[in-house]
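Since the structure comes first, as structure tokens, the remarks are kept for the end.
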Amino acid sequence: MSQRPVWAPDDVDIETPSAARMYDYFLGGSHNFAADRALAEEYIKVLPDMPQIARAQRRVVHRMIRYLTSIGIAQFLDLGSGIPTAGNVHEIAQVANPDARVVYVDSDAVAVTHSRSILADAPHAAVLRADLRDPEAVLADPVVTGLLDFSEPVAVLMIAVLHFVPDEDDPAGVVAAYRDATAPGSHLAITHATSDYKPELARRAEAVYTRASHQIHYRSRQQIADMLAGYDLVEPGLTDMIHWRPDPDTGADPLDGDVRRYSGYAALGRRP
Ligand SMILES: C[S@@+](CC[C@H](N)C(=O)[O-])C[C@H]1O[C@@H](n2cnc3c(N)ncnc32)[C@H](O)[C@@H]1O
């Protein structure tokens, strides 16, 4: 049995590794338990680049938020938002627009409890514990409707989360339900793990996650493109995540700019 830290919510299962807490560990966070760390270390044995991949994913979402605020987007629905870390969505968005509003949604108890505590004094941000695969319930929840106005453009963020939605739960259909609820000019931001470059490694990585709260599904570029139906892609389109509008001021790439080592795509779409 692991020891339960004081910050852990009472109802949280600390023995089953959680995708949210494993990701927190990859990012160097402290909101994880022994079982999470053990499975995350197993994953790192298969994929030693995972901590850098997680950081690159945070950097691309920061670039996307800066782009979105630059074109006037002031509302964000962050689905599968994870455990708060350096540079949360509301912090980045509110640098450009102090009135930007953000709703975080996650199904993980630790992610939601920790989000709630850091948002206690944030007037334009809130968190909802919900399953993103139920768009109707998410979109009707008072936490969402109280902060976001769906008659105005909204950016829906699904960063490193669609690969936790299995084919049988129809990820493209889930994305489409959120798309249909948003006004023209709204956006969808995604990142997604791909099996295109190293299919054998992807299968081994998937096998590790069969012991976690959520299974991971590495997908092909075409499968990911299919989830973007109904959106006009912002340049450069669906691309390797390190190539999505890279910041010229960032120094040398920690993985030598090798897209195979990142094995992840990013895209930002605009609803016409
Ligand atoms: C890899 S983390 C990514 C966190 C954050 N988006 C980021 O990029 O830093 C995936 C998150 O999605 C959440 N998640 C997975 N499936 C979910 C679902 N069906 N509904 C809500 N959250 C989900 C997990 O709990 C976890 O916090």
Side-chain angles (χ1 to χ4, degrees), residues 55-82 84-105 119 122-128 132 135 138-139 143-162 172 174-192 221 224-250 262 264-272:
R55 286 180 174 82
Q57 220 139 212
R58 295 302 306 169
R59 288 194 294 271
V60 73
V61 70
H62 290 174
R63 299 199 294 277
M64 288 170 159
I65 296 166
R66 288 191 197 104
Y67 170 84
L68 289 162
T69 53
S70 79
I71 60 164
I73 300 287
Q75 311 190 86
F76 296 83
L77 179 62
D78 187 1
L79 300 169
S81 48
T85 179
N88 295 298
V89 174
H90 71 288
E91 293 163 337
I92 304 297
Q94 289 173 0
V95 169
N97 177 0
D99 295 326
R101 281 163 285 150
V102 180
V103 175
Y104 296 100
V105 178
L119 296 176
H124 303 307
V127 60
L128 168 67
L132 68 87
V138 169
L139 292 164
V143 172
V144 175
T145 57
L147 210 53
L148 304 182
D149 172 1
F150 283 83
S151 68
E152 295 288 326
V154 174
V156 175
L157 312 181
M158 299 179 91
I159 304 298
V161 68
L162 281 168
V174 170
V175 170
Y178 288 102
R179 181 198 65 214
D180 290 348
T182 56
S186 292
H187 285 69
L188 169 73
I190 69 159
T191 66
H192 198 301
R221 189 173 194 284
I224 299 164
D226 290 346
M227 297 178 197
L228 299 164
Y231 284 101
D232 294 337
L233 297 192
V234 172
E235 284 296 318
L238 174 61
T239 186
D240 293 291
M241 64 181 171
I242 57 168
H243 290 165
W244 197 92
R245 295 181 178 240
D247 186 344
D249 297 333
T250 308
Y262 286 100
Y265 292 124
L268 183 68
R270 179 185 185 280
R271 189 180 174 186

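Nothing fancy with the numbering, it's 1 onward along the sequence.
For His187 (side chain) and Gly185 (main-chain N/O), a donor-acceptor pair under 3.5 Å exists by modelled atom type. Using modelled atom types, one side-chain atom of Asn97 and one backbone atom of Asp99 make a donor-acceptor pair closer than 3.5 Å. Side chain of Glu152 to backbone of Asp149: no donor-acceptor contact under 3.5 angstrom is found. Under the 3.5 Å distance criterion, the side-chain polar atoms of Arg101 are left unmatched by any main-chain donor or acceptor of Ala74. Within the 3.5 Å criterion, the main-chain N or O of Pro153 finds a donor-acceptor partner in the side chain of Gln75. Looking only at distances, a side-chain donor or acceptor of Arg221 sits under 3.5 Å from a matching main-chain atom of Leu238.
Counting heavy atoms from C-beta on, the side chains of Arg245 and Pro236 come closer than 4.5 Å. In this structure, Arg66 and Ile92 have side chains that are in contact, with non-hydrogen atoms separated by less than 4.5 Å. When side chains are defined from C-beta on, Leu268 counts as touching Leu68, because their heavy atoms get closer than 4.5 Å. Considering only heavy atoms from C-beta on, Met241 stays 4.5 Å or farther from Tyr265 through its side chain. A 4.5 Å side-chain heavy-atom check between Ile190 and Leu228 finds at least one atom pair inside the cut-off. Within the 4.5 Å cutoff, no side-chain heavy atoms of Ser186 are placed close to those of Val156. Between Arg270 and Tyr231 the shortest side-chain heavy-atom distance does not fall below 4.5 Å. Side-chain atoms of Val127 and Val103, non-hydrogen and from C-beta on, never get closer than 4.5 Å to each other.
Closest non-hydrogen pair, Leu139 versus Ala177, comes out as CD1-O, 4.3 Å. Nearest heavy atoms, Pro246 versus Arg63: CA-NE, 3.8 Å. The two atoms that bring Arg179 and Arg271 nearest to each other are O-NH1, 2.8 Å, heavy atoms only. Scanning all heavy atoms of the two residues, the minimum distance from Ala126 to Leu147 falls at N-CD2, 3.8 Å. Across all their heavy atoms, Pro184 and Pro272 have their closest contact at CB-O, 3.6 Å. Taking every heavy atom of both residues into account, Val60 and Ala266 meet most closely at CG2-CB, 4.1 Å.
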Determine, step by step, whether Thr69 and Gln94 satisfy the side chain to side chain contact (heavy atoms under 4.5 Å, CB included) criterion, reporting the C-alpha distance in whole Å, the side-chain angles of both residues, the deciding distance to 0.1 Å, and the verdict. CA-CA 9 Å; Thr69 53; Gln94 289 173 0; over 6 Å; no

Thr182 and Phe150: CA distance, side-chain angles, deciding distance, side chain to side chain contact (heavy atoms under 4.5 Å, CB included) verdict: CA-CA 6 Å; Thr182 56; Phe150 283 83; 4.1 Å; yes

Just do the side chain to side chain contact (heavy atoms under 4.5 Å, CB included) check on Leu157 and Leu77 with the steps written out, would you? CA-CA 6 Å; Leu157 312 181; Leu77 179 62; over 6 Å; no

Working for side chain to side chain contact (heavy atoms under 4.5 Å, CB included), residues Val175 and Leu188: CA-CA 9 Å; Val175 170; Leu188 169 73; 3.5 Å; yes

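Between Tyr104 and His90, the ring centre distance stays below 6.0 Å.
Here the straight-line distance linking atom NE2 of His124 with atom CG of Leu119 works out to 12.5 Å at 0.5 Å rounding. One distance of note links CZ of Arg59 with CH2 of Trp244; it measures 14.5 Å at 0.5 Å rounding. Note that NE2 of His62 is 11.5 Å distant from CD of Gln57, once rounded to the nearest 0.5 Å. To the nearest 0.5 Å, atom CG of residue Asp247 and atom CD1 of residue Ile242 are 13.5 Å apart. Taken from CD1 in Ile159 to OG1 in Thr191, the straight-line distance is 4.5 Å, to the nearest 0.5 Å.
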